[in-house]
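Counting starts at 1 for both ligands and their atoms, following the listed order. Computation of the quantities below employed the complete heavy-atom set of this structure, encompassing side-chain atoms and omitting hydrogens, waters and symmetry-equivalent molecules. The model shown is predicted, which means the values in this text are computed figures rather than measured ones.
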Amino acid sequence: GLPAPALIADGVTVAYGDRRALDDCSFAVPAGSVTALVGRNGAGKTTLLRAAAGLLRPDRGTVTVLGGPPGDRALPRIGFLAQDSPLYRQLSVAETLRLGARLNPGWAADHAWELARAAGLPLQERVGRLAPGVRARLALIMALGKRPDLLLLDEPLAALDPVARAESVRALMGAAAGGTTVVLSTHAVADLAGVCDHVVVLDRGRVRAAVEVDAALAGHRLVNGAEADL
Ligand code: ATP
């Protein structure tokens with residue numbers, strides 16, 4: 001039969017105070033897919049990724065990742081890239097990678113070094129002196145460093161120059177080809193084509209559609225809410 005989904009949201013509801021960020025969200029992310037969460041600012045994309053990473057607990061509903069709850073057992077198998085990734089400006093690239101090995105359960109050191117070398121990162125340079133696109137590549141490598149089965153990325157392509165963007169897409173494709181399920185958020189519909197194969201459209205905390213990317217791009221109205229923010 002079909003492989004189990006890598007991520008299942010079942011009736012997920014999250015409120016911050018009396019502000020409801022996610023409202024009864026249900027969808028499944030096929031294992032091995034590259035899935036985009038799209039929706040305008042405030043639609044709930046970040047909240048959903050944080051729930052999937054186990055960083056917050058839904059008020060109602062459940063998130064299942066890699067066959068279980070997003071707890072300690074799943075953590076070594078999940079890579080997470082926050083929107084403003086906390087890299088230490090004073091550390092060199094090499095020190096950053098060594099810190100990754102210390103802080104991340106499941107870290108695959110050889111893999112991380114290989115990615116850094118393949119990306120041509122200047123290992124002795126301080127993070128604070130890296131060009132933004134290069135820093136973004138390092139942040140992505142930090143998320144890929146444990147060779148995760150599930151990679152969660154919050155707006156990984158936003159604000160990248162074309163070169164950094166192409167390289168980041170290539171890195172994501174490489175991870176997907178290696179068997180990693182990728183879930184990324186974006187509010188740019190232009191990010192979808194050639195990158196994602198599935199799309200979940202969020203609108204004010206609710207799932208408006210969960211479809212294959214061709215259907216999303218063909219039925220333009222589905223993603224109009226996202227496109228309004230371009
Ligand atoms: P963006 O594209 O701006 O990151 P998003 O789709 O990721 O938006 P969320 O960040 O998940 O959306 O926010 C969903 C809703 O929850 C928004 O209305 C936001 O203002 C609210 N919200 C998010 N985080 C908090 C918080 N820590 N405290 C209060 N409200 C919050």
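- Residues Gly145 and Ala112 come closest through the heavy atom pair CA-CB, 4.1 Å.
- Inter-residue side-chain proximity for Met142 and Arg137 is flagged as unmet; no heavy-atom pair is nearer than 4.5 Å.
- Every residue two or more places apart in sequence or in another chain that forms a salt bridge (Lys or Arg N to Asp or Glu O under 4.0 Å) with Arg20 is listed here: Asp23.
- Residues Leu66 and Leu55 are members of one and the same hydrophobic cluster, defined by side-chain heavy-atom contacts under 4.5 angstrom among Ile, Leu, Val, Met, Phe, Trp and Tyr.
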Polar pairs, ligand 1 vs protein, N/O only, below 3.5 Å.
{"residue": "ligand 1", "atom": "2 (O)", "partner": "Asn41", "partner atom": "OD1", "Å": "3.0"}
{"residue": "ligand 1", "atom": "2 (O)", "partner": "Lys45", "partner atom": "NZ", "Å": "3.1"}
{"residue": "ligand 1", "atom": "2 (O)", "partner": "Glu155", "partner atom": "OE2", "Å": "3.2"}
{"residue": "ligand 1", "atom": "3 (O)", "partner": "Asn41", "partner atom": "OD1", "Å": "3.4"}
{"residue": "ligand 1", "atom": "4 (O)", "partner": "Thr46", "partner atom": "OG1", "Å": "3.3"}
{"residue": "ligand 1", "atom": "6 (O)", "partner": "Ala43", "partner atom": "N", "Å": "3.1"}
{"residue": "ligand 1", "atom": "6 (O)", "partner": "Gly44", "partner atom": "N", "Å": "2.9"}
{"residue": "ligand 1", "atom": "6 (O)", "partner": "Lys45", "partner atom": "N", "Å": "2.9"}
{"residue": "ligand 1", "atom": "6 (O)", "partner": "Lys45", "partner atom": "NZ", "Å": "2.8"}
{"residue": "ligand 1", "atom": "7 (O)", "partner": "Thr46", "partner atom": "N", "Å": "2.7"}
{"residue": "ligand 1", "atom": "7 (O)", "partner": "Thr46", "partner atom": "OG1", "Å": "2.7"}
{"residue": "ligand 1", "atom": "8 (O)", "partner": "Gly42", "partner atom": "N", "Å": "2.7"}
{"residue": "ligand 1", "atom": "11 (O)", "partner": "Thr47", "partner atom": "N", "Å": "2.9"}
{"residue": "ligand 1", "atom": "11 (O)", "partner": "Thr47", "partner atom": "OG1", "Å": "2.5"}
{"residue": "ligand 1", "atom": "12 (O)", "partner": "Gly44", "partner atom": "N", "Å": "3.1"}
{"residue": "ligand 1", "atom": "18 (O)", "partner": "Arg19", "partner atom": "NE", "Å": "2.7"}
{"residue": "ligand 1", "atom": "18 (O)", "partner": "Arg19", "partner atom": "NH2", "Å": "3.1"}

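- A search for salt bridge (Lys or Arg N to Asp or Glu O under 4.0 Å) contacts involving Arg50 returns nothing, not counting sequence neighbours.
- By the side-chain hydrogen bond (donor to acceptor under 3.5 Å, both in side chains) test, Glu114 pairs with no residue at all, sequence neighbours left out.
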